[in-house]
Protein chains: 2
Amino acid sequence: MRIPIQVSAESAEPMYHQIEVQLRSLILSGHLPEGTLLPSIREFAQELGCSIITIRRVYQDLEGEGLLRTRQGTGTFVASVGVTEREQYRADAVIEGFRAAIETAKRVHCSREETIQIFEQCLAKWMPPEQAQPENGGKQE
Amino acid sequence: MRIPIQVSAESAEPMYHQIEVQLRSLILSGHLPEGTLLPSIREFAQELGCSIITIRRVYQDLEGEGLLRTRQGTGTFVASVGVTEREQYRADAVIEGFRAAIETAKRVHCSREETIQIFEQCLAKWMPPEQAQPENGGKQE
DNA sequence: TATACTGTTAATATAAATATACACAGTATG
DNA sequence: CATACTGTGTATATTTATATTAACAGTATA
């Protein structure tokens, strides 16, 4: 099974993290159905131009999140997580993001109303309604 | 001028960061008016039980954010930033938090409506309306 | 100018994050 | 069982983040 992942050795972002983010996204989006056999750590490492330890770390991390299952001698598979668990994991990731953002807002003494207003502006900028999905709304990024 | 800051050497959070967060908060909240002379790096270091380099780093970082002014031989002062700039800085910090949270939401393929719903739940949990401000709303933290 | 303060710079130590090579162990299959 | 695959564990190298000391330079003032 060929996994469409792109990594850049020049990026400041660690390779293991680049791979994790993309592979997690492929699993959560359903592009890699439950039970899919992933490439072996050696095969994947050669394809991406990194060490097998780096791939192993990715597989270990995602297994810790319940997204993968590994069996020594056999291989690594997309875990058969129920829809409920998957949805819960997705929600948890987003909740943690908002928790941090709200903590920042409290730190700089934003009022509740001000916080809501800023959120709405950010949402309009980075997650606009579907009917309007231009390449770049004309504003600075 | 005595600056009320508490640091814990046991915390996993780096000391320079603990100090930065608290000092930034004191400035942005107005507890330290513009022009206030801060303790010298040696005096502050002794009071907090760290090296002068650590205090220097804090002063440098906050100066980079436009919150402090330093003059060699004289001391370090709370910068005379205009209300507009200060408000802009506050907003930028919160915007960056929400940008990261929304990026996460997009990564796990949250819809716009789902993202809004999660935000509202988080807001209710960590920044409840003023009329209801219990010690801990009865839920897990 | 002498002194006593102020911040500054360079060199360095320590710990944590990131990435690796190599030897080891489990599994499937002839 | 022999082979060729699979993941695993140990020891280690490299880089970055964090923190420090000691010598240096600017400023105010008697």
Side-chain angles (χ1 to χ4, degrees), chain A residues 1-3 5-24 27 32 35-79, chain B residues 1-3 5-24 27 32 35-79:
Chain A
M1 175 95 191
R2 165 116 178 81
I3 309 296
I5 283 188
Q6 295 291 333
V7 294
S8 153
E10 285 72 28
S11 169
E13 188 184 5
M15 293 194 64
Y16 85 93
H17 196 256
Q18 295 183 45
I19 301 170
E20 269 190 24
V21 167
Q22 295 181 50
L23 187 52
R24 187 187 295 112
I27 296 171
L32 294 178
T36 300
L37 173 61
L38 294 182
S40 76
I41 56 178
R42 285 165 240 269
E43 187 184 344
F44 214 169
Q46 182 172 5
E47 182 182 333
L48 298 181
C50 65
S51 142
I52 66 169
I53 311 296
T54 300
I55 301 298
R56 170 152 160 64
R57 173 169 183 176
V58 171
Y59 282 2
Q60 261 187 321
D61 289 350
L62 295 184
E63 185 177 19
E65 297 176 5
L67 297 178
L68 295 181
R69 297 277 166 160
T70 65
R71 270 199 314 175
Q72 187 173 354
T74 305
T76 301
F77 304 83
V78 175
Chain B
M1 174 99 190
R2 165 119 177 77
I3 310 295
I5 283 187
Q6 296 289 332
V7 294
S8 154
E10 285 72 27
S11 168
E13 187 185 3
M15 294 193 64
Y16 85 92
H17 195 256
Q18 295 183 45
I19 302 170
E20 270 190 23
V21 167
Q22 295 181 50
L23 188 51
R24 187 186 295 111
I27 296 171
L32 294 178
T36 300
L37 173 62
L38 294 181
S40 77
I41 56 178
R42 286 165 240 269
E43 187 183 344
F44 215 169
Q46 183 173 3
E47 182 182 333
L48 297 182
C50 64
S51 143
I52 65 169
I53 310 294
T54 301
I55 302 298
R56 168 148 163 68
R57 174 170 183 174
V58 172
Y59 282 2
Q60 261 187 320
D61 289 350
L62 294 184
E63 186 177 19
E65 297 177 5
L67 298 177
L68 296 179
R69 297 276 166 160
T70 65
R71 270 200 313 175
Q72 187 172 356
T74 304
T76 300
F77 305 83
V78 176

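All values below were derived from every heavy atom in this structure, side-chain atoms included, with hydrogens, water molecules and symmetry-related copies excluded. Chain letters run A, B, ... following the sequence lines, proteins first, then strands; residues in each count from 1.
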### Message
Do A/Leu62 and A/Thr76 make a side-chain contact, defined as non-hydrogen atoms from C-beta onward lying under 4.5 Å apart?
### Response
no
#### Entry: Integer-rounded Å distance: C/dG7 C1' and B/Gln72 CD
5 Å
### Task
For B/Tyr59 and D/dA19, give me the distance from atom OH to atom P, rounded to whole Å.
16 Å
### Query
Taking the side chain as C-beta and beyond, is there a heavy-atom pair between A/Val58 and A/Phe44 under 4.5 Å?
no
#### Entry: Nucleotide nearest A/Thr74 (side chain, heavy atoms from C-beta), chosen from D/dT20, D/dT6, C/dT27
C/dT27
### Query
Which residue, B/Glu63 or A/Glu13, contacts DNA chain C at a nucleotide closer to its 5' end, judged by nearest heavy atom?
B/Glu63
### Query
Is the phosphate of D/dA19, meaning OP1 or OP2, less than 4.0 Å from a side-chain N or O of B/Arg56?
no
### Message
Is A/Thr70 close enough to D/dT8 that one of its side-chain N or O atoms is under 4.0 Å from OP1 or OP2 there?
### Response
yes
### Query
Can you check the A/Leu68 CG to D/dG7 C1' distance for me, whole Å?
13 Å
### Query
Tell me: CD1 of B/Ile52 to P of C/dA10, nearest whole Å?
15 Å
### Task
Give the nucleotide from the list D/dG26, C/dG26, C/dA21 with an atom nearest to the side chain of A/Ile53.
C/dA21
### Query
Between A/Leu68 and A/Ile27, is any pair of side-chain heavy atoms under 4.5 Å apart?
yes
### Task
Looking only at side-chain atoms of A/Arg42, point me to the closest of D/dT18, D/dT6, D/dT20.
D/dT6
### Message
I want to verify a distance call: between D/dT8, D/dA19, C/dT18, whose nearest atom is closest to the B/Met15 side chain?
### Response
D/dA19
### Task
Please report, rounded to the nearest Å, how far the P atom of C/dC5 is from the CD atom of B/Gln46.
12 Å
### Summary
From CD1 of A/Ile41 across to P of D/dT6 the rounded distance in Å is 9 Å
### Query
From D/dT8, C/dC22, D/dT20, pick the nucleotide closest to the side chain of B/Thr54?
D/dT20
### Query
Checking all strands, does A/Arg71 fall into the base, sugar-phosphate, or nothing category for heavy-atom contacts under 4.0 angstrom?
sugar-phosphate
### Query
Do the side chains of A/Leu38 and A/Leu23 get nearer than 4.5 Å, heavy atoms only?
yes
### Task
Report the distance from atom CZ of B/Arg69 to atom P of C/dG7, rounded to the nearest whole Å.
16 Å
### Query
When the nearest nucleotide of DNA chain C is assigned to B/Pro39 and to A/Pro14 on a heavy-atom basis, which residue is associated with the more 5' position?
B/Pro39
#### Entry: A/Ile55 CD1 - D/dG7 P separation (whole Å)
11 Å
### Message
When you compare the side chain of A/Leu32 with that of A/Ile3, does any pair of heavy atoms fall below 4.5 Å?
### Response
yes
### Message
Using heavy-atom distances to pick each residue's nearest nucleotide on DNA chain D, tell me which of B/Gly73 and B/Arg57 is more 5'.
### Response
B/Arg57
